[in-house]
Number of protein chains: 2
Amino acid sequence: MSLELPIGAPRDCGDCQIRHRAVCARCDVDELAQLDEIKYYRSYEAGQTVIWSGDQMDFVGSVVTGIATLTQTMEDGRTQMVGLLLPSDFVGRPGRDIAPYDVVATSDIVMCCFRKKPFEAMMEKTPHIAQRLLQMTLDELDAAREWMLVLGRKKAREKIASLLAIIARRDATLKLANLQGKMEFDLPLTREAMADYLGLTLETVSRQISALKRDGVISLEGNRHVTVHDMDRLLEEAGDDSDGGILV
Amino acid sequence: MSLELPIGAPRDCGDCQIRHRAVCARCDVDELAQLDEIKYYRSYEAGQTVIWSGDQMDFVGSVVTGIATLTQTMEDGRTQMVGLLLPSDFVGRPGRDIAPYDVVATSDIVMCCFRKKPFEAMMEKTPHIAQRLLQMTLDELDAAREWMLVLGRKKAREKIASLLAIIARRDATLKLANLQGKMEFDLPLTREAMADYLGLTLETVSRQISALKRDGVISLEGNRHVTVHDMDRLLEEAGDDSDGGILV
DNA sequence: CGCTGCATTGAAAACACTCAAGACCTGTGG
DNA sequence: CCACAGGTCTTGAGTGTTTTCAATGCAGCG
């Protein structure tokens, strides 16, 4: 089979950038070979819906490159983001047929997909996959609980500061930089997506970003590029302990 | 050792009411015997804190009877409940030493505790435990995401209706009743706990409950006993699809 | 140049919060 | 049996924050 690989997809698992963080992180060579049998790459363009809530799911998989979101929508159109999927994050739930959320590509993305039935079968036999998935799920649960505090108890300004802190933190771990003083990064989300993440309107997001700018906490270059002048100040604004709060 | 068993604790696993739903649900007789070696029962009184956020955790375990809550508190005292622990729910995370949340007994409770180190060791060897824990964690994650929608996008009245619907639903599954027409149940939470769950103040909770009463959606007997006159009406008020919304 | 999509800003309205008073309930002690 | 204390809950009035609605700004692109 000479299917064309989407750009950004690795030649094989040895090449794979997300290999050590994804659901297959603990797998040995044999197990990777088995996975290889049931996997395929697929790419989606920015804005495309990967999975519709309510649809049959016949694959699970990992985000290889790009960013996707998990969202819920009420009948009247109010929507809440319930997950932000970054490279190495897992999509889908073994044992469930119907997707409970929309998965939408925020940027162009590449997914490493596994056919669901054989993946489930394999999970029964190889504990390495289930063990890693458990770890990842527990991490996601912690992140979800952190967000519940943000959604339920923080004010608009604190919400924005929290989101900026999260993104800065993620960016830092990626670049192996540390989390002090000045930091620069790009927002991977539109104002509307930020609003959906934080349970705000896009107008409020815009206003609070302007306010943080006016108060000298951040500067903007264009709409997406953010400079945080002092990380400690930002964490104060977020209402977190200065030690970073989020999970130890 | 003739330690006195807390009232409500089962004589042995065969007797245990939560056995088929707890983390040990898939274990066979051998595995249960192993677990028995490292387990002990402990009871807490209503209002007691079971685990303090930031503390060393040296056990994990299951709620056997009663209700407990998982809460996060900000420096200025704002608190957000991030989990409601019912009988069979699991407390603690294998692989983590420091508790990230407060666990508080809402009623008198009995816990079945496992010493952490040996439990972790056992998890490595017996897939049945890890598999069940994965299922439970995925369910919790779904519940958390459902709550993110409630916290981020619903209005106070919808939040209250959503909470009542959840409690009614849980009560119904317990009694094997169905979810239509009239339903009666007791609230397991104070107004303040409801507020902490929903990201509201206790005054707002009280007002909205009064409003639902005034509008004939529910009646109260005392402060805790609720009658829902028409479940479909309640679900409408909650902003959910009439089919029940929450996870299929 | 005039789209289109995204972002900002303003004014008015809606919503939930704060502060404060009082009602209700339960258990205790006179 | 009653009175009282302490906790829980309800209700009101005023305030503050966020939303809503509407207009405008700005950048990329045919």
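Order of the sequence lines fixes the chain letters, A, B, ..., with proteins taken first and strands second; residue numbering starts at 1 for each chain. Bear in mind the structure is a predicted one, so any value in this text is a computation, not a measurement.
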**Whole angstrom value for the distance that separates C1' of D:dT17 from NZ of A:Lys159** = 11 Å

**Item:** Close side-chain approach of A:Leu200 and A:Lys159, heavy atoms under 4.5 Å
**Value:** yes

**Request:** Provide, to the nearest angstrom, the distance between the CD atom belonging to A:Glu192 and the P atom belonging to D:dT20.
**Result:** 13 Å

**Request:** May I ask you to verify whether the side chain of B:Glu203 and the base of C:dC19 hold a donor-acceptor pair under 3.5 Å?
**Result:** yes

**Asked** Does OP1 or OP2 of C:dA16 have a side-chain N or O of B:Thr201 closer than 4.0 Å?
**Response** no

**Asked** Which one, D:dT11, C:dA7, D:dT19, comes nearest to the side chain of A:Leu200?
**Response** D:dT19

**Message:** Taking donor-acceptor contacts at under 3.5 Å, does the side chain of A:Arg207 reach the base of D:dT20?
**Reply:** yes

**Separation of atom CD in A:Gln208 from atom P in C:dT9, rounded to whole Å** = 12 Å

**Message:** Please tell me if B:Arg157 has a side-chain N or O lying less than 4.0 Å from either OP1 or OP2 of C:dA16.
**Reply:** no

**Prompt:** Taking atom P of C:dC25 as reference, at what distance in whole Å does atom CD of B:Glu221 sit?
**Reply:** 12 Å

**Request:** Could you check A:Arg153 against A:Arg224 and say which one's nearest nucleotide on DNA chain C is further toward the 5' end?
**Result:** A:Arg224

**Message:** If I take atom CG in residue B:Leu202 and atom P in nucleotide D:dT10, what distance separates them, rounded to the nearest angstrom?
**Reply:** 9 Å

**Prompt:** Could you give the NE2-to-P distance, from B:His225 to C:dC25, as a whole number of Å?
**Reply:** 16 Å

**Message:** Can you confirm whether the side chains of B:Lys154 and B:Ser162 place a donor and an acceptor under 3.5 Å from each other?
**Reply:** yes

**Message:** On the side chain of A:Arg191, is there an atom forming a donor-acceptor pair with the base of C:dG5 - under 3.5 Å, no angle test?
**Reply:** no

**Request:** Flag yes if more than 12 heavy atoms outside B:Gln17 fall under 6.0 Å of its CD atom; otherwise flag no.
**Result:** no

**Asked** Does a side-chain N or O from B:Thr204 land closer than 4.0 Å to OP1 or OP2 of C:dC17, or not?
**Response** yes

**Sugar-phosphate, base or nothing in reach of A:Ser206, heavy atoms under 4.0 Å** = base

**Request:** Could you check how far CG of B:Leu187 sits from P of D:dC9, rounded to whole Å?
**Result:** 9 Å

**Prompt:** Toward the 5' end of DNA chain C, which comes first, B:Gly222 or A:Leu220, by nearest nucleotide?
**Reply:** A:Leu220

**Asked** Above 12 or not: heavy atoms from other molecules or residues under 6.0 Å from CZ of A:Arg21?
**Response** no

**Prompt:** What about A:Arg214, does its side chain sit under 3.5 Å from the base of C:dT9 through a donor-acceptor pair?
**Reply:** no

**Request:** Give a yes or no on whether B:Glu45 atom CD has more than 12 heavy-atom contacts from other residues, nucleotides or ligands under 6.0 Å away.
**Result:** no

**Item:** Interatomic distance where NZ belongs to A:Lys154 and P belongs to C:dC17 [whole Å]
**Value:** 17 Å

**Asked** Which part of the nucleic acid, if any, lies within reach of A:Gly47 when heavy atoms closer than 4.0 Å are counted: base, sugar-phosphate only, or nothing?
**Response** nothing

